[in-house]
Amino acid sequence: MFLPDRYVEGTCPVCSNPEARGDQCEKCGSYLNPTELKNPKSKITGQTPVVRETSHMYFPLGQYQQRLEKYIGERNKRDGWKDNVLNYCRSWFKDGLQDRAVTRDLDWGVKIPLQGYENKVLYVWFDAVLGYISSTKEWSQRVGKPDEWKRFWLDEKTKYVAFIGKDNVVFHCIVFPAMLMAWNETHDEKYILPENVPANEFLNYEGQKFSKSRGIGIDVQDFLARYPVDPLRYYLAVSLPEYRDSDFYWRDFQAKTNNELADILGNFVNRTLAFADRTFDGVVPERGPLGDHDRQVLDILETTPVRSGEYYEHYRFRDGLLEVMNLARAANKYFNDSEPWKTAKSDRTRCATTINVSIQLARALAILMEPVIPFSSERIWKMLNLGGTAHAQSWDEASELLVPDGHRLGKTEILFTKIEDTVIEAELGSAGGGQPATPSAQPKLADVKPTITIDDFKKLDLRIAKIVQCENVPKSEKLLKLQVDVGTEKRQIVAGIAQNYKPEELIGKSVVVVFNLQPAKLMGQESQGMLLAASDNDGKLVFVAPSAEIESGSVVK
RNA sequence: GGCGGGAUAGCUCAGCUGGUUAGAGCGUCGGAAUCAUAAUCCGUAGGUCGGGGGUUCGAGUCCCUCUCCCGCUACCA
């Protein structure tokens with residue numbers, strides 16, 4: 001078989017690290033080809049791999065370095081790229097871009113659609129980015145407009161922004177643009193290049209990394225079956241990992257939903273419409289002469305779309321959203337300061353003006369919040385009984401007072417339901433605060449291996465061994481060095497169970513070992529065999545032991 | 001161990017090329033108000049900007065070092 005690059009191990013030509021992988025040296029970070037390694041060894045068998053001739057297709061990435069640097073420089077100047085993205089790219093340019101093989105000799109993956117290449121597949125990141133284009137083509141066929149995809153990829157006026165996580169910067173800033181440049185050189189169809197790649201950091205879950213296999217995190221389907229989508233969208237927008245990793249905390253989710261969405265935004269819309277309903281029979285009252293309070297809040301209304309829009313244009317979503325929420329806060333203050341419940345009795349004109357302006361504010365909020373909470377925005381729009389959709393309104397006209405006097409309002413309803421403590425506690429598990437939620441999905445079992453014969457099994461020589469001595473392996477996090485008695489002799493076994501057992505608690509214990517395993521060196525320590533242990537999905541690990549006392553060296557079969 | 005990213009108010013985070021009394025949202029506490037999903041509004045408190053050096057007239061912001069977190073990776077049960 002052809003070894004995948006990463007299964008070839010050898011000495012790094014850059015930093016002489018003896019354990020560099022065929023695709024990358026972990027020590028110095030260099031990206032390598034397997035043949036660049038000195039003393040290459042198969043990671044599977046330990047044998048020296050033989051270089052077998054095969055033909056691969058290469059992408060001449062090196063030829064594009066200058067153009068890529070120019071391209072990124074220009075786009076940065078035009079659209080302001082993020083520092084972390086630029087730094088990442090610079091380090092690549094500094095090392096010099098290398099030509100990259102874009103095919104692999106694997107039996108899975110996207111096949112090369114050419115004669116003579118039946119056994120080859122595309123390198124995963126080469127086809128993944130192309131999938132962006134393929135999927136729009138597929139979509140346009142499905143909707144019966146086979147050319148519609150061209151609007152996305154071939155129209156110079158289209159602004160292509162790649163929203164990604166920090167681990168994908170190189171493919172979206174360097175590899176994919178180079179691929180598109182290469183195509184554009186020789187074809188009449190000219191593809192557009194990313195205008196910006198505002199990579200985010202990572203979103204974690206209750207202080208831990210999201211992990212599907214370990215069941216850590218949220219299953220969106222599952223989540224949406226229990227909660228409406230808008231609070232999640234709001235929470236994600238407000239805690240987006242724009243500059244550093246951030247966390248999804250259930251407590252925080254609850255607080256943002258209750259204290260911000262429901263209390264500030266939802267309550268303003270509600271108190272305004274409820275007031276209009278009761279005092280003006282659900283009809284927009286006439287806006288009279290403006291007072292100081294009116295003018296103040298209208299000033300804020302006027303600048304909000306501009307300021308917020310400015311942030312959004314620069315991919316600063318948290319700040320953009322904060323500006324809009326500040327408008328909602330100002331609206332509440334305005335309502336308070338104007339005291340319409342008093343002027344309703346003392347100064348009807350004044351009261352009418354306050355409510356009129358408040359309704360204009362509600363309309364503006366529906367439009368300005370729409371990118372983040374589209375469904376709730378449409379609900380506000382309906383409550384205001386305005387035609388069309390909030391989505392279709394012009395951002396810049398959000399600040400105009402377009403709800404006419406005498407307009408009949410729709411039915412008022414609660415916009416956001418608060419999340420009770422008990423619900424959050426249930427999510428966190430009865431064990432209580434701060435703990436990650438128990439995975440709702442079934443734990444994933446290890447892949448089932450192919451059936452073996454009894455003869456295969458007989459190749460294993462399993463024996464009972466008693467641990468007579470045990471110590472930590474220096475500079476290792478997982479390894480313990482064991483001296484075991486296997487009846488006829490003593491052996492040294494290195495086992496990766498240091499995170500689950502302390503050396504002293506193992507002494508005197510009987511375990512099962514693989515007696516005829518080829519010896520290996522781990523962290524410089526000779527290991528003559530292998531200790532059997534069981535592990536679960538959370539990395540918990542227990543060694544296998546006989547159920548009763550039995551002589552060391554006994555054969556397990 | 002290697003590589004990378006962090007460490008700023010109780011919490012979540014902003015602080016650009018170093019420059020006046022370090023900011024926001026939420027939370028705390030006190031007050032006002034009562035139209036509203038007990039929602040709102042005002043005010044208050046709270047930080048040796050992880051520790052220690054250094055550069056500088058001046059550092060959260062630059063350099064060195066240490067500590068601690070997190071991730072990846074190597075150790076493969």
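All chains are named by letter (A, B, ...) in the order of the sequence lines, taking the proteins before the strands, and each is independently numbered beginning at 1. All of these numbers come straight from a predicted model, not from anything done at the bench.
Going from atom OH of A:Tyr234 over to atom C1' of B:rU12 covers 12 Å, rounded to whole Å. Nucleotide B:rU37 holds its P atom 20 Å from the CG atom of A:Asp421, rounded to whole Å. Remark: P of B:rU37 and CG of A:Asp230 are 21 Å apart, rounded to the nearest angstrom. Atoms CG (A:Asn332) and C1' (B:rU37) sit 12 Å apart, rounded to a whole Å. When the C1' atom of B:rC11 is taken as reference, atom OH of A:Tyr235 falls 10 Å away, rounded to whole Å. Between the CG atom of A:Asn267 and the P atom of B:rC41 there is a distance of 9 Å, rounded to whole Å. Whole-Å rounding puts the A:Tyr311 OH to B:rG15 P distance at 11 Å. Regarding A:Phe275, its CZ atom lies at a distance of 18 Å from the C1' atom of B:rU37, rounded to whole Å.
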Return a single string for nucleotides 23-32 of chain B, one symbol per nucleotide in 5' to 3' order, where B is base contact, S is sugar-phosphate-only contact and - is none, cutoff 4.0 angstrom on heavy atoms.
-SSSS-----
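Nucleic acid contact class of A:Met530 (heavy atoms, under 4.0 Å, all strands): sugar-phosphate only. Within the nucleic acid shown, A:Leu415 comes within 4.0 Å of at least one base atom, counting heavy atoms only. Within the 4.0 angstrom heavy-atom criterion, base atoms lie near A:Phe416. If you check every strand for non-hydrogen atoms under 4.0 Å, A:Phe268 touches nothing.
OP1 or OP2 of B:rA38 has not a single side-chain nitrogen or oxygen of A:Lys418 nearer than 4.0 Å.
Comparing the C1' positions of B:rG15 and B:rA9 gives a spacing of 14 Å, expressed to the nearest Å. Nucleotides B:rG25 and B:rA33, compared at atom C1', are 23 Å apart to the nearest Å. Taking atom C1' on both B:rG52 and B:rU67, the two are 10 Å apart, rounded to the nearest angstrom. Going from the P atom of B:rU56 to that of B:rC16 covers 23 Å, rounded to whole Å. To the nearest whole angstrom, the two C1' atoms, one in B:rG30 and one in B:rC72, are 49 Å apart. Only the P atoms considered, B:rG1 is 26 Å distant from B:rU61, to the nearest whole Å. For the P atom pair drawn from B:rU48 and B:rA38, the interatomic distance equals 39 Å after rounding to whole Å. B:rU65 and B:rC57 are spaced 26 Å apart, taking the C1' atom of each and rounding to whole Å.
Residues passing the ring-ring contact (aromatic ring centres under 6.0 Å, His included) test with A:Tyr334, sequence neighbours excluded: none. The ring-ring contact (aromatic ring centres under 6.0 Å, His included) test applied to A:Phe223 returns A:Tyr227, A:Trp250, A:Phe253, not counting sequence neighbours. Considering only residues two or more places apart in sequence or on other chains, A:Thr279 meets the side-chain contact (heavy atoms from CB on, under 4.5 Å) condition with A:Phe275, A:Ala344, A:Arg348.
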Tell me, what's RNA chain B's dot-bracket, Watson-Crick or G-U with both distances under 3.5 Å, | for other-strand, [ ] crossing?
(((((((..((((.....[...))))..((((.......))))......(((((..]....))))))))))))....
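Nearest heavy atoms, A:Lys418 versus A:Ala262: CG-CB, 4.0 Å. The minimum heavy-atom distance linking A:Ile493 with A:Met530 is given by the pair CD1-N, 4.1 Å.
Nearest nucleotide to the A:Arg318 side chain, out of B:rC35, B:rU34, B:rC13: B:rC13. Side-chain proximity of A:Asn270 to B:rC13, B:rC35, B:rU37: nearest is B:rU37.
Where A:Asp319 and A:Arg271 meet RNA chain B, the nucleotide closest to each residue was compared, and A:Asp319 sits on the side nearer the 5' end.
Counting heavy atoms from C-beta on, the side chains of A:Cys351 and A:Trp341 never come closer than 4.5 Å.
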Stepwise, does the side chain to side chain contact (heavy atoms under 4.5 Å, CB included) test hold for A:Leu322 with A:Tyr311?
CA-CA 10 Å; A:Leu322 182 66; A:Tyr311 280 127; over 6 Å; no
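A side-chain donor from one of A:Asp79 and A:Tyr315 sits under 3.5 Å from a side-chain acceptor of the other.
For A:Gln528, the CD atom counts as densely surrounded, since its 6.0 Å shell holds more than 12 non-hydrogen atoms of other residues, nucleotides or ligands.
Evaluation of the salt bridge (Lys or Arg N to Asp or Glu O under 4.0 Å) test over residues 268-285 of chain A, restricted to residues two or more places apart or in two chains, returns none.
The existence of a salt bridge linking A:Arg226 and A:Glu427 is confirmed by a sub-4.0 Å separation between a basic side-chain nitrogen and an acidic carboxylate oxygen.
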